[in-house]
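Notes for the one structure printed next.
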There are 2 protein chains.
Amino acid sequence: MKKITIEEVAKIAGVSKGTISAVINAKNTVKPETRDHILEVMKDLNFRPKGVARNLKNGAKDKSIGIIIKDLNYPFYTSVATGAREYAKSKGYSVIVASSENDHEYEKKLSHLFSTKDIKGIIIAPIVEGASEIEHLFKLKMINYPFVLLEDVKGIQANVVAIDNIRAIKKAVKYLIESGHTKIVHFAGPPSSSHTQERIEGFRHAFSESTLVFNKSMIVSIGSDHEESYRKTLEYFKHKNRKEYPTAIVCFNDLQALAVMTALKELNIKIPEDISIIGNDDIFYAKIYPVPLTTISAPQHEIGRRAAEILIRNIESPKFIQIERVVLETEFIVRESSKVLNR
Amino acid sequence: MKKITIEEVAKIAGVSKGTISAVINAKNTVKPETRDHILEVMKDLNFRPKGVARNLKNGAKDKSIGIIIKDLNYPFYTSVATGAREYAKSKGYSVIVASSENDHEYEKKLSHLFSTKDIKGIIIAPIVEGASEIEHLFKLKMINYPFVLLEDVKGIQANVVAIDNIRAIKKAVKYLIESGHTKIVHFAGPPSSSHTQERIEGFRHAFSESTLVFNKSMIVSIGSDHEESYRKTLEYFKHKNRKEYPTAIVCFNDLQALAVMTALKELNIKIPEDISIIGNDDIFYAKIYPVPLTTISAPQHEIGRRAAEILIRNIESPKFIQIERVVLETEFIVRESSKVLNR
DNA sequence: AATAAAAATTAAAACGTTTCAATAAATGGC
DNA sequence: GCCATTTATTGAAACGTTTTAATTTTTATT
């Protein structure tokens with residue numbers, strides 16, 4: 001299938017390339033009849049002007065940045081993207097988003113795609129599995145392509161905007177301990193997620209700074225997929241009798257927490273009377289749940305905004321500028337899914 | 001600020017453009033010392049090879065399509081995008097998404113952006129306000145750029161994948177009537193949305209085919225923003241005494257339904273005992289609500305999939321192909337937020 | 001030290017448009 | 001019908017890379 005170019009169209013229409021170009025760009029210098037004829041030929045040939053070539057001459061004037069998130073359907077990420085979008089818009093940039101769906105290969109593909117298509121820079125929520133290769137990030141660095149990570153990636157110096165997961169969980173657990181909870185459990189996330197490990201660590205640390213003592217049975221592997229979390233929660237409780245129940249569950253994230261609450265409802269366990277539930281992320285849909293979720297709130301919009309800020313500063317600077325690393329504070333928000341025991 | 005090109009780098013590094021190119025493309029034909037030196041110069045100059053020019057020569061080999069949705073934070077749209085992504089991936093295409101956030105101007109900007117950046121085609125959920133201009137769509141047609149709309153747009157012949165909103169609501173209302181409901185009300189969406197009018201129409205039509213009679217007070221303008229819907233619902237009930245309450249509310253969409261349920265909880269109105277609630281869309285978070293929402297389920301993944309299918313078929317066809325219009329069926333799903341009265 | 005082979009570099013053509021100055025064609029005024 | 005405008009069209013240069021074949025430099029072999 002031969003590639004068809006403006007030249008081809010010109011030849012067949014019997015005019016010069018310049019005239020075709022004028023038609024494509026809706027210049028009003030073309031005689032209507034000529035125009036119509038050209039249009040017809042274009043249609044016949046199914047001619048699609050190559051955007052690439054069009055932009056080469058003048059350089060596209062539209063400014064845009066990309067953001068690669070991990071999951072298009074998890075509100076946390078779309079909120080971050082929205083934060084980025086708001087800031088970017090104020091600076092005249094469009095934002096386009098793509099989701100890696102937790103697939104490292106796909107992330108690489110997307111980063112290449114963006115950097116190659118005259119998108120001025122990218123914000124990346126990187127998939128960091130154990131020792132995942134990061135040559136694609138090095139490649140971006142090599143061509144001085146601006147990017148900002150939403151998570152630290154070992155082995156590379158880059159702009160990062162992140163939150164301190166460890167500290168966040170620690171705060172939550174400490175709160176529980178101070179509220180008189182003694183049987184606290186962590187429902188851990190999917191083993192493949194880098195956050196899972198961090199959160200387990202934060203959970204464990206909280207104990208070392210308290211009078212309670214940590215033991216491994218306090219960590220239960222649950223995942224974050226809703227259906228799976230629901231099932232595993234049911235299972236977890238099946239093997240326990242009432243007095244073995246924890247008094248509080250610190251969940252991996254809000255989505256998991258929602259699943260846990262669904263399961264507990266089925267088991268007739270009352271929240272927060274019987275068990276306190278703590279989420280993580282603070283997604284919109286957990287906030288409007290009938291039992292609004294106590295959670296660790298990550299400043300999603302701010303994450304996006306700050307990342308976009310750094311990114312655009314880099315894009316617009318003619319010379320290389322200092323790498324930045326900002327760690328944002330989370331806020332522990334007590335709502336109705338948790339309860340204080342010692343009063 | 002002078003634009004800096006590969007030529008500039010070559011001159012300063014004292015080598016030819018070809019060598020610079022080889023470095024950029026990680027060819028292993030460059031002597032390490034030369035390479036390092038060039039890298040240094042590149043960094044000094046903050047040289048960013050223009051993707052546009054790079055792609056011109058060989059034509060980028062990565063295939064990608066775009067999807068422009070209306071709201072990045074409404075799960076309905078991200079589900080559609082996910083459906084598109086799944087199909088596209090199977091065909092070797094990446095998907096990038098952008099949100100117009102219900103801003104017609106922004107939609108235009110994005111469609112231009114995509115078509116200009118060598119994205120092979122777009123799926124567009126168009127903003128159709130009364131008589132909105134659609135020159136941007138005509139422009140796409142002119143350049144034979146493949147696109148698929150997720151909603152009919154008056155005045156243009158184009159590929160469309162949509163659902164029949166009117167029929168969908170009608171089905172729901174009929175179900176309620178057959179279940180013995182007599183006091184049915186529609187909580188309408190934001191006046192600016194094209195769906196609002198359609199759904200009102202569907203609601204009204206259902207009555208003409210029944211023994212009940214429609215009157216205007218059955219349509220209540222509520223919106224779809226959560227906070228606003230919550231507030232307006234409270235207000236609606238404030239002026240009514242118990243026996244004036246409707247027995248069923250047909251909501252504009254699931255998000256609104258969620259807000260309505262929150263308000264009713266506050267008012268101590270039981271669902272479904274006192275009032276049945278019907279949603280629309282079937283978003284994930286309404287399904288996992290403690291009172292799972294009865295709703296009109298749109299086949300979100302399928303919408304995306306079919307749109308991507310048509311799009312890619314058009315992209316890959318060397319010649320113009322017949323315009324398609326597919327209307328997908330919705331499914332009325334009875335869960336626990338509604339109840340049958342007449343038994 | 002000469003030669004052959006291998007490695008590194010260069011120079012020019014190519015990619016497919018847009019732009020713009022130059023030219024040609026059409027129109028209007030007389 | 002002729003000249004002066006105005007309108008329409010053309011042709012060549014330009015955009016910033018990549019790609020190759022050709023050349024130069026380096027290395028290895030004798």
Side-chain angles (χ1 to χ4, degrees), chain A residues 1-39 41-42 45-62 112 115-118 120 139 142-145, chain B residues 1-39 41-42 45-62 112 115-118 120 139 142-145:
Chain A
M1 162 171 126
K2 185 165 165 255
K3 208 182 305 184
I4 110 115
T5 72
I6 210 175
E7 181 118 42
E8 190 77 1
V9 179
K11 202 178 305 167
I12 298 193
V15 299
S16 73
K17 295 191 293 178
T19 309
I20 309 287
S21 177
V23 169
I24 293 174
N25 294 287
K27 299 261 194 288
N28 56 353
T29 66
V30 183
K31 188 157 58 166
E33 303 135 61
T34 318
R35 188 186 132 85
D36 289 348
H37 175 226
I38 290 175
L39 248 20
V41 174
M42 280 171 59
L45 297 178
N46 202 24
F47 166 63
R48 300 174 189 158
K50 314 300 161 284
V52 183
R54 304 184 66 181
N55 283 160
L56 180 56
K57 189 66 199 301
N58 305 337
K61 41 214 48 150
D62 35 27
H112 179 255
S115 64
T116 245
K117 291 230 179 305
D118 202 34
K120 308 284 191 242
K139 191 146 193 180
M142 182 181 74
I143 60 174
N144 293 302
Y145 186 81
Chain B
M1 163 170 122
K2 186 165 165 256
K3 208 183 304 185
I4 109 116
T5 73
I6 210 175
E7 180 118 41
E8 190 78 0
V9 179
K11 203 177 305 168
I12 297 192
V15 298
S16 74
K17 296 191 292 178
T19 307
I20 309 288
S21 177
V23 169
I24 294 174
N25 294 285
K27 298 260 194 286
N28 57 355
T29 66
V30 183
K31 188 157 58 168
E33 305 134 60
T34 320
R35 190 187 130 84
D36 289 348
H37 175 226
I38 290 175
L39 247 20
V41 174
M42 280 172 59
L45 297 179
N46 201 25
F47 165 63
R48 301 175 188 156
K50 304 328 153 268
V52 183
R54 303 184 67 181
N55 283 159
L56 179 55
K57 188 67 199 301
N58 305 337
K61 40 215 46 152
D62 36 27
H112 179 255
S115 64
T116 245
K117 293 232 179 301
D118 201 35
K120 307 284 191 244
K139 191 144 193 181
M142 182 180 76
I143 60 174
N144 294 302
Y145 185 81

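Every chain is numbered from 1, with letters handed out A, B, ... down the list of sequences.
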Kindly determine whether A:F47 and A:I38 satisfy side chain to side chain contact (heavy atoms under 4.5 Å, CB included), including the steps that lead there. CA-CA 11 Å; A:F47 166 63; A:I38 290 175; over 6 Å; no
Could you walk me through whether B:R54 and B:N25 pass the side chain to side chain contact (heavy atoms under 4.5 Å, CB included) check? CA-CA 10 Å; B:R54 303 184 67 181; B:N25 294 285; 2.9 Å; yes
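A:K61 places its NZ atom 13 Å from the C1' atom of D:dC15, with the value rounded to the nearest Å. Rounded to an integer number of Å, the gap from B:K57 NZ to D:dT20 C1' is 8 Å. The interatomic distance linking A:I6 (CD1) with D:dA14 (C1') rounds to 15 Å, in whole Å. Rounded to whole Å, atom C1' of D:dT17 lies 9 Å from atom CG of B:N25. Atom P of nucleotide D:dT17 and atom NZ of B:K50 are separated by 5 Å, given to the nearest angstrom. Following rounding to the nearest Å, B:I4 (CD1) and D:dC15 (C1') show an atom-to-atom distance of 15 Å. As a whole-Å value, the separation of A:H37 NE2 from D:dA8 P is 17 Å. Straight-line distance from the CG atom of B:N28 to the C1' atom of C:dT9: 14 Å, rounded to whole Å.
Checking the phosphate oxygens (OP1, OP2) of D:dT18, no side-chain nitrogen or oxygen of B:K27 falls inside 4.0 Å. Applying the 4.0 Å criterion to OP1 and OP2 of D:dT9, one finds that A:T34 has a side-chain N or O inside that range.
Checked by distance alone, A:K17 brings no side-chain donor or acceptor within 3.5 Å of a matching partner on the base of D:dT10.
No engagement by B:N55 is indicated, since no non-hydrogen atom pair under 4.0 Å with the nucleic acid exists. Residue-level contact check: A:S21 touches the bases, meaning some heavy atom is under 4.0 Å from a base atom. Nucleic acid contact class of B:V15 (heavy atoms, under 4.0 Å, all strands): sugar-phosphate only.
Taking CD1 from A:I12 and CG from A:L45, the interatomic distance works out to 4.5 Å, rounded to the nearest 0.5 Å.
Picking from C:dT9, D:dT9, C:dT18 the nucleotide with the shortest atom distance to the side chain of B:T29 gives C:dT9. Nearest nucleotide to the side chain of A:A53, out of C:dG16, C:dT10, C:dA13: C:dG16.
Judged by closest nucleotide on DNA chain D, A:T19 is the one of B:G18 and A:T19 placed further toward the 5' end.
A distance-only check finds no donor-acceptor pair linking the side chain of B:K117 to the backbone of B:S115 [under 3.5 Å]. In terms of modelled atom types and a separation under 3.5 Å, the side chain of A:N144 and the main chain of B:M42 share a donor-acceptor contact.
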